**Q** 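Sharing a structure, written as structure tokens. Questions coming.
The structure displayed is predicted, hence computed values, not measured ones. Numbers for residues simply follow the sequence, beginning at 1.
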Amino acid sequence: MIDKILLEKLKSNFSEAFRSINTNKFRTFLTALGIIFGVAAVITMLAIGNGAEKEILSQLELVGVNNIVITPIPDNEDPDENSDEEENNDSEPKKFSKGLDLQDALSLEKNIPSVKIVSPEIILNTYVINNGKQNSVKLVGVTSSFLESSNINIEKGKFFSEYQSKNALPVCVIGRKVEKKLFTGESALGKHIKVKDVWLQVIGIIEEKLISDKAQENLGIRDLNQDVYIPIKTFLVRYKDRKVISDDLSVSNRGRNQNGPKKRIPRGNYHQIDKLTVKVSNSNELKATAEVLSRMLKRRHNDVLDFEITIPIQLLKQQQKTKQIFNIVLSIIAGISLLIGGIGIMNIMLASVLERTKEIGIMRAIGATKEDVILQFLSESVLISVGGGIIGIIVGIIGAYVIEMASGIETILSLNSILISFVIAVIIGLVFGILPAKSAANKRPIEALRAE
């Protein structure tokens with residue numbers, strides 16, 4: 001019975017509140033603007049945050065949580081730039097380094113306990129031909145450790161066997177995009193493609209991984225779907241081995257003017273391999289292992305620092321920290337907007353109390369209690385915040401889609417973010433409506449009627 005009476009009272013109060021709000025539509029809309037923008041900001045912010053979190057997780061999967069990447073530094077220095085320094089330091093010629101090679105990879109894997117696997121790669125920008133179709137590709141020489149270090153799987157077919165790798169057989173595994181370009185509507189397994197001057201048999205297709213342009217730029221990740229993979233020994237035997245000094249280079253060195261000034265000829269990219277991915281057993285050992293790798297490689301390279309070591313997970317953590325700061329700033333902006341919206345509701349409700357002094361007096365005179373008056377005005381403030389919240393949800397959803405379309409930033413809407421923002425809007429309407437409601441309830445009936 002009591003619940004029925006309470007429901008009737010609430011229904012009556014909200015009906016009256018709707019009538020009052022409907023009387024001043026434009027003023028009510030201006031009052032709710034703060035709530036609208038605040039709720040929209042919260043939804044948009046959380047959508048951007050969810051998208052950023054998904055991007056971070058996908059990038060983590062691509063680079064590997066426990067990976068350390070070692071890349072060579074080619075010798076492309078212009079000899080004329082430092083000719084004066086070289087003339088003054090003839091007694092101290094630049095030390096010779098053999099460059100990053102397979103022996104380094106074997107030594108690291110054998111001598112450092114924290115290293116789980118080492119995956120070397122040799123990369124050649126070339127072209128592939130099939131049925132008269134020519135496309136640019138990256139030819140990548142890899143070992144059996146490549147799949148584990150890169151977190152990819154074979155979708156169709158198989159990877160290189162030990163026999164194929166050891167005997168440098170002309171076999172390859174290709175990316176899904178390469179298959180789509182060269183073998184439209186048919187399977188590439190068992191067929192042959194010509195990569196540069198060598199015919200290779202396709203024995204496997206790797207699973208397709210979506211890699212954004214941003215990830216490729218920020219983390220130096222290749223689009224694995226567009227590459228052709230062969231055993232690393234096949235690459236060295238059938239294509240190119242940079243450790244083998246060419247006759248042309250030897251002749252050019254012997255043919256220099258012995259009487260002229262000594263000028264060092266840049267060696268270009270003298271490294272046998274182009275990338276070395278080291279997977280560590282425990283992520284807590286990443287930094288320490290990277291330091292050991294650096295010291296060991298420097299010693300093996302005759303104290304020449306001709307390589308660079310990066311830890312992708314640290315780059316991602318820095319990105320994540322930056323995005324968290326961005327989200328905090330957005331949260332503060334959304335909070336300020338909601339706060340301003342609450343203050344706007346309170347100001348309008350206080351003005352409404354002054355305008356409706358006679359109405360309050362009549363309500364009190366015919367028997368309405370203070371609680372009835374408080375409930376009446378609270379109903380109005382809550383109704384304004386509910387309306388603003390609903391409009392804010394619509395604006396927030398549209399805003400999230402507009403941001404994604406305009407900037408390319410992925411946004412992910414969630415039901416939780418919508419519910420949280422709506423509940424906050426209702427609470428703000430309730431909290432900031434208390435003062436005006438109490439102010440109306442404290443007016444005495446006789447004084448209210450006299451004031452009018």
Side-chain angles (χ1 to χ4, degrees), residues 61-72 98-126 137-175 178 195-196 198 200-207 209 220-244 269 271-281 289-290 293 296-297 300 307 309-310 312:
E61 185 182 353
L62 291 171
V63 302
V65 178
N66 297 343
N67 284 357
I68 299 171
V69 178
I70 304 170
T71 51
K98 65 184 181 60
L100 203 62
D101 59 13
L102 289 176
Q103 293 302 315
D104 289 331
L106 293 173
S107 180
L108 295 178
E109 191 168 17
K110 181 179 178 181
N111 297 308
I112 302 178
S114 59
V115 172
K116 185 178 180 182
I117 58 169
V118 176
S119 175
E121 297 177 31
I122 309 177
I123 303 170
L124 175 67
N125 290 312
T126 182
V137 294
K138 278 186 170 63
L139 181 68
V140 186
V142 297
T143 64
S144 57
S145 303
F146 174 73
L147 293 180
E148 184 178 352
S149 67
S150 302
N151 295 315
I152 59 174
N153 299 308
I154 297 294
E155 183 178 317
K156 294 185 291 185
K158 58 184 179 180
F159 201 61
F160 317 122
S161 67
E162 185 178 351
Y163 177 81
Q164 291 169 332
S165 300
K166 187 176 180 180
N167 292 278
L169 296 185
V171 292
C172 69
V173 172
I174 63 176
V178 176
V195 181
K196 202 174 181 182
V198 181
L200 303 171
Q201 183 183 20
V202 180
I203 63 171
I205 316 292
I206 65 169
E207 67 177 0
K209 278 188 174 288
I221 304 172
R222 299 192 318 274
D223 187 352
L224 305 179
N225 308 299
Q226 302 192 78
D227 296 344
V228 175
Y229 303 93
I230 61 175
I232 201 163
K233 193 169 181 180
T234 302
F235 192 106
L236 296 174
V237 172
R238 298 179 182 271
Y239 287 93
K240 188 175 184 181
D241 185 353
R242 299 192 197 102
K243 286 201 72 173
V244 179
N269 188 4
H271 302 271
Q272 187 182 36
I273 59 180
D274 296 302
K275 182 180 178 182
L276 197 57
T277 302
V278 179
K279 189 166 188 176
V280 180
S281 303
T289 303
L293 289 173
M296 187 171 177
L297 286 175
R300 289 180 59 85
F307 57 88
I309 296 178
T310 56

**Q** So, taking the atom named CG in L102 and the one named CG in L236, what distance separates them when rounded to the nearest 0.5 Å?
**A**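 Answer rounded to 0.5 Å: 6.0 Å.
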**Q** Give a yes or no on whether K156 atom NZ has more than 12 heavy-atom contacts from other residues, nucleotides or ligands under 6.0 Å away.
**A**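 Atom NZ in K156 is packed in, count exceeds 12.
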**Q** Check whether any side-chain heavy atom of D227 sits under 4.5 Å from a side-chain heavy atom of V178, and report yes or no.
**A**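 Heavy-atom side-chain distance check fails, nothing below 4.5 Å.
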**Q** So which atom in I123 and which in R242 form the shortest heavy-atom distance, rounded to 0.1 Å?
**A**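 That closest heavy-atom pairing would be O-NH2, 3.8 Å.
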**Q** Is there side-chain contact between F235 and V142, with at least one heavy-atom pair below 4.5 Å?
**A**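 No, their side chains stay 4.5 Å or more apart.
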**Q** Could you tell me the separation between the CG atom of L108 and the CD atom of Q103, rounded to the nearest 0.5 Å?
**A**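 Reported value, rounded in 0.5 Å steps: 11.0 Å.
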**Q** Looking only at heavy atoms, what is the nearest atom pair of S149 and T277, with distance?
**A**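 In terms of heavy atoms, the two residues are closest at CB-CG2, 4.0 Å.
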**Q** Which heavy-atom pair separates M296 from S107 by the least distance, and what is that distance?
**A**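 Taking M296 first and S107 second, the nearest heavy atoms are CE-OG, 2.8 Å.
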**Q** Minimum heavy-atom separation for L200 and C172, please, with both atom names.
**A**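 Shortest heavy-atom contact: CB-SG, 3.9 Å.
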**Q** Between OG of S114 and CG of L293, what distance do you get to the nearest 0.5 Å?
**A**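 Spacing of OG (S114) from CG (L293) equals 7.0 Å.
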**Q** Side chains of N153 and I206: does their closest heavy-atom pair fall under 4.5 Å?
**A**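 N153 vs I206: side chains apart.
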**Q** Going from OG1 on T289 to CD1 on I112, what distance comes out if it is rounded to the nearest 0.5 angstrom?
**A**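 Answer rounded to 0.5 Å: 7.0 Å.
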**Q** Could you tell me if the side chain of D241 sits less than 4.5 Å from the side chain of Q272, heavy atoms only?
**A**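 Yes. Closest side-chain heavy atoms under 4.5 Å.
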**Q** Considering non-hydrogen atoms only, spot the tightest contact between I309 and A290 and give its length.
**A**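 Nearest heavy atoms, I309 then A290: CD1-O, 3.8 Å.
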**Q** Measure the spacing between CD of E109 and OG1 of T143 and express it to the nearest 0.5 Å.
**A**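 Result: 8.0 Å between the selected atoms.
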**Q** With a 4.5 Å limit on heavy-atom distance, are the side chains of T234 and V171 in contact?
**A**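 Answer no - side chains too far apart.
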**Q** Can you tell me how the ring of F146 sits relative to the ring of Y229, calling it parallel under 30°, perpendicular over 60° and tilted otherwise?
**A**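 Aromatic pair F146/Y229 classed tilted.
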**Q** Which heavy atom of Q164 sits nearest a heavy atom of P231, and at what distance?
**A**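 Q164 and P231 have their closest heavy atoms at O-CG, 4.3 Å.
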**Q** For a 4.5 angstrom cut-off between non-hydrogen side-chain atoms, does R300 reach K98?
**A**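 When only atoms from C-beta onward are counted, K98 and R300 do touch, with a gap below 4.5 Å.
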**Q** I'd like to check R238 versus I230 (side-chain heavy atoms, cut-off strictly below 4.5 Å). Are they in contact?
**A**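 SC-SC contact between R238 and I230 ruled out.
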**Q** Has the side chain of K279 got a donor or acceptor atom that lies under 3.5 Å from a matching backbone atom of I117?
**A**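 Looks like no, no N/O pair under 3.5 Å.
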**Q** Does N167 use its side chain to pair, donor to acceptor, with the backbone of L169 at less than 3.5 Å?
**A**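 No, because the side chain of N167 does not come within donor-acceptor range (under 3.5 Å) of the backbone of L169.
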**Q** Could you tell me whether the side chain of V118 reaches within less than 4.5 Å of the side chain of D104, counting heavy atoms only?
**A**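 Of all side-chain heavy-atom pairs linking V118 with D104, none is under 4.5 Å.
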**Q** Look up atom CD1 in I70 and atom CG in D274, then write down how far apart they are to the nearest 0.5 Å.
**A**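 Rounded to the nearest 0.5 Å, the CD1-CG separation comes to 13.5 Å.
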